[in-house]
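Right, one structure below, let's go through it.
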Amino acid sequence: MRFAPSPTGSLHIGSARTVLFNWLWARHVGGELLLRIEDTDRERNQPELIEVIYDSLEWLGIDYDGEVVLQSDNAARHHAVVEELLAKGLAYRCDSTPEEIAERNKVAGGPPGYDGYNRDRDVSAAVPHVVRFRVPDDGSTSWVDLIRGEITFEHSILEDFVLRRRDGSPMFIVANAVDDIDMGITLVIRGEDLISVTPKMLLVRRALGIGEPIEFAHLPLIVGADRKKLSKRNGDVALDNYREAGILPEAMVNYLALLGWGPPDGVEIRPITEIIDLFEISSVNQAGAFFDIKKLESINGEYIRALPADDFLTRCRAELSTQPWAQRVDDDALAAIAPEVQTRLRTMRELPTMVDFLFLDAPDIDGASWAKAISDNDAASGLLDAAIVAYSTVDWSAESLHSATLAFVEAAGLKLGKGQAPIRVAVTGRSVGPPLFESIVVLGRERTLARLSAARATC
RNA sequence: GCCCCCAUCGUCCAGCGGCCUAGGACGCCUCCCUUUCAAGGAGGUAACACGGGUUCGAAUCCCGUUGGGGGUACCA
């Protein structure tokens, strides 16, 4: 098997799913998965983008076998193959420009596409030309797709496609087909959008006399909200976006495995080793799958909660390291609050706003929360005063703070849920966050009192 | 237009002729727990696109219709 991305930017979610399925199946059957970088489109390719591919695969935890193949290294082979086809009379030169072809079709009232005009005109090699493959007039090409069953294309509807451009560079079909042959690929697992080029590749293989078996499995497409192929127009398609958004690689891989496939026992969240074990290429779905971020985040939350404490802490440090106040992160304080935060995250990106109050001089105030709990709350001043008094002497533990707070809140005729609101906002700046008393314990008496007084002064 | 692919809850996946008054997960709603928010627990909402066959029996097989998608490049 092989994964053959072209380095045109950050790895696409669809590509990530494609490698994953190749990898799962390769590991399941004990096959080999090769990596080939299709870097022949010089205009759009940049060397540093190849690094992005390696980096993404590493992040996902997907490995490959053997040396990486750079398609550009095989240019001579691609050219030789085109010449061979030409020499065998299985391809021919064509000097018609796309405009001329369109014009002829218009005049003749025929269907769009190449009309075979130069098939037997023996165009001179001295003239600017492309090389086209001579598709057989009769018959058809078909294959048994591992996911879809038999698929057949009549030759009569296949036009004589271009093998080599006017500028002399070989087309994708040639490079791709030839490299697959040379690399000994026996199974191609790729997106459904490539179904229509498959008969052409099969035709080229046959023309070259390659009788070796090759199988295909065309994966359903991953679609966006509009039910169309996931593209830049309909959502975040770059794997990197999710990485930056605080999605754990294990969660991403687990979720991706569920797009177009499901384990027979219905257990969705499980170790990758089990997924490899259970994965079956022939049971992959045939219909497009919607990329559901909600479910991705839900799975991500499960993965975060399942993290061992020290592992979670390590990821927290990494997440906070990109904050402007990263220097002020106190490791002990972070470690103390971490257990309270772990069950509250769906993505690691939600972490900073949950713990920033511990590391900033003054809390980052959320205006709406402040207004509701303090400015517009008649009970706020009394509660803050009571808290200042109580917290000045109370034993500094969550339990003591809890009972002390409960006492003055109930004295004010309120429930704890409502009474703690002004205190929470005064101390953390927000109305939601980790449990209040545990947070205060970590913050410390001095800073807590200072923030309560500051808030009281505004009432 | 032509070619190819597809069609079960809003979404993802089960279902492979009787076990289906269609199951699980995410989402959504209700309740419980509760120190906000989560987490956790208990419920609920919600689908076999349609029409013909085949069969004793169809979500499952066949045909058609409709709908969706992909492709139709001297892109990959």
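Hydrogens, waters and symmetry mates are skipped; everything else that's a heavy atom, side chains included, is used. Naming convention: chains lettered A, B, ... in sequence-line order (proteins, then strands); numbering from 1 in each chain. Quick caveat: nothing in here was measured; it's all calculated off a predicted structure.
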Return all side-chain donor-acceptor pairs below 3.5 angstrom for residues 265-272 of chain A, not counting sequence neighbours, or 'none' if the list is empty.
{"unit_1": "A:D265", "atom_1": "OD1", "unit_2": "A:V267", "atom_2": "N", "d": "3.1"}
{"unit_1": "A:D265", "atom_1": "OD1", "unit_2": "A:R270", "atom_2": "NH1", "d": "2.8"}
{"unit_1": "A:D265", "atom_1": "OD2", "unit_2": "A:R270", "atom_2": "NH1", "d": "3.3"}
{"unit_1": "A:D265", "atom_1": "OD2", "unit_2": "A:R270", "atom_2": "NH2", "d": "3.0"}
{"unit_1": "A:E268", "atom_1": "OE1", "unit_2": "A:K295", "atom_2": "NZ", "d": "3.0"}
{"unit_1": "A:E268", "atom_1": "OE2", "unit_2": "A:K295", "atom_2": "NZ", "d": "3.1"}
{"unit_1": "A:R270", "atom_1": "NE", "unit_2": "A:E274", "atom_2": "OE1", "d": "2.9"}
{"unit_1": "A:R270", "atom_1": "NH1", "unit_2": "A:V267", "atom_2": "O", "d": "3.1"}
{"unit_1": "A:R270", "atom_1": "NH2", "unit_2": "A:E274", "atom_2": "OE1", "d": "3.1"}

Could you list the donor-acceptor pairs under 3.5 angstrom formed by side chains in residues 280-287 of chain A, with sequence neighbours left out?
{"unit_1": "A:S283", "atom_1": "OG", "unit_2": "A:W261", "atom_2": "NE1", "d": "3.4"}
{"unit_1": "A:S283", "atom_1": "OG", "unit_2": "A:E280", "atom_2": "O", "d": "2.9"}

Kindly list each side-chain donor-acceptor pair under 3.5 angstrom involving residues 122-131 of chain A, sequence neighbours excluded, with atom names and distances?
{"unit_1": "A:S124", "atom_1": "OG", "unit_2": "A:A126", "atom_2": "N", "d": "2.9"}
{"unit_1": "A:H129", "atom_1": "ND1", "unit_2": "A:V127", "atom_2": "O", "d": "2.7"}

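Classification of the A:F153-A:W143 ring pair by plane angle, with boundaries at 30° and 60°, yields parallel. Ring planes of A:F133 and A:F161: parallel class, angle under 30° (limits at 30 and 60°).
Residues A:R148 and A:K294 each lie close to RNA chain B; by heavy-atom proximity, the contact nearer the 5' end of the strand is made by A:R148. Place A:A398 and A:E192 on RNA chain B by their nearest nucleotides, and A:E192 ends up nearer the 5' end.
Checked against salt bridge (Lys or Arg N to Asp or Glu O under 4.0 Å), A:R451 has no partners two or more places apart in sequence or in another chain. By the ring pair (Phe, Tyr, Trp, His ring centres under 6.0 Å) test, A:H155 is found to be paired with no residue, residues two or more places apart in sequence or in another chain being considered. Applying the salt bridge (Lys or Arg N to Asp or Glu O under 4.0 Å) test to A:R148 and every residue at least two apart in sequence or in another chain returns A:E192. Listed by chain and residue number, nothing satisfies the salt bridge (Lys or Arg N to Asp or Glu O under 4.0 Å) test with A:R132 (two or more places apart in sequence, or in another chain).
No hydrogens or angles considered: nothing links the side chains of A:T18 and A:S15 as a donor-acceptor pair under 3.5 Å. For the residue pair A:H218 and A:T198, a side-chain donor N or O sits within less than 3.5 Å of a side-chain acceptor on the partner.
Taking every side-chain heavy atom of A:I151 into account, B:rC5 is the closest of B:rG71, B:rC5, B:rA76. When distances run from any side-chain atom of A:M171 to the nucleotides B:rG70, B:rG1, B:rA76, the shortest one goes to B:rA76. Listed nucleotides: B:rA73, B:rU35, B:rC3. Nearest to the side chain of A:E159: B:rA73.
Taking the six-membered ring where the residue is Trp, the centroids of A:F437 and A:H402 are separated by under 6.0 Å. Between A:F291 and A:Y242, a ring centre-to-centre spacing shorter than 6.0 Å is recorded.
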Taking only nitrogen or oxygen atoms into account, show me every contact under 3.5 Å that the protein makes with nucleotides 38-45 of chain B, one pair per line with its distance.
{"unit_1": "B:rA38", "atom_1": "O2'", "unit_2": "A:T343", "atom_2": "O", "d": "2.7"}
{"unit_1": "B:rA38", "atom_1": "N3", "unit_2": "A:T343", "atom_2": "OG1", "d": "3.3"}

Return the polar atom pairs (N/O with N/O) between nucleotides 31-33 of chain B and the protein under 3.5 Å, or none.
none

All N/O pairs under 3.5 Å across the protein-nucleotides 59-67 of chain B interface:
none

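Using N1 to N3 plus N6-O4 or O6-N4 for Watson-Crick, or N1-O2 and O6-N3 for G-U wobble, each under 3.5 Å, B:rG40 pairs with B:rC32. Nucleotide B:rC48 forms no Watson-Crick or G-U wobble pair with any nucleotide shown, as no partner meets the under 3.5 Å limit on both distances. In this structure, B:rU55 forms no base pair with any nucleotide, since neither Watson-Crick nor G-U wobble geometry is met with both distances under 3.5 Å. For B:rC16, there is no paired base (Watson-Crick or G-U wobble, both distances below 3.5 Å). Pair check for B:rA22 finds none; no Watson-Crick or G-U wobble contact set falls under 3.5 Å.
Salt-bridge annotation for A:D364 and A:R430: present, with a side-chain N of the basic residue lying under 4.0 Å from a carboxylate O of the acidic one. A salt bridge links A:R344 with A:E340; the closest basic N to acidic carboxylate O contact falls under 4.0 Å. Taking 4.0 Å as the cut-off between side-chain N and carboxylate O, A:D179 and A:R77 do not count as a salt-bridged pair.
Heavy atoms of A:V162 sit under 4.0 angstrom from primed sugar atoms or phosphate atoms, though from no base atom.
Atom CG of A:L414 and atom P of B:rU36 are 14 Å apart (whole Å). As a whole-Å value, the separation of A:N254 CG from B:rA25 C1' is 12 Å. In this structure, A:Y114 atom OH and B:rG71 atom C1' are separated by 21 Å, rounded to whole Å.
Distance noted for atom P between B:rA49 and B:rA22: 15 Å (whole Å). Atom name P, nucleotides B:rU60 and B:rG18: the rounded distance is 12 Å, in whole Å.
Proximity of residues 423-442 of chain A to RNA chain B (heavy atom under 4.0 angstrom from any strand atom) is restricted to A:R424, A:S431, A:V432, A:G433, A:P434, A:P435, A:L436, A:F437, A:E438.
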*Going through the checks in order, is the side-chain contact (heavy atoms from CB on, under 4.5 Å) test met by A:I37 and A:V69?*
CA-CA 6 Å; A:I37 308 287; A:V69 172; over 6 Å; no
*asked:* Protein within reach of the bases, or only the backbone? For nucleotides 9-15 of chain B, mark each nucleotide 5' to 3' as B, S or -, using heavy atoms under 4.0 Å.
replied: --SBSS-
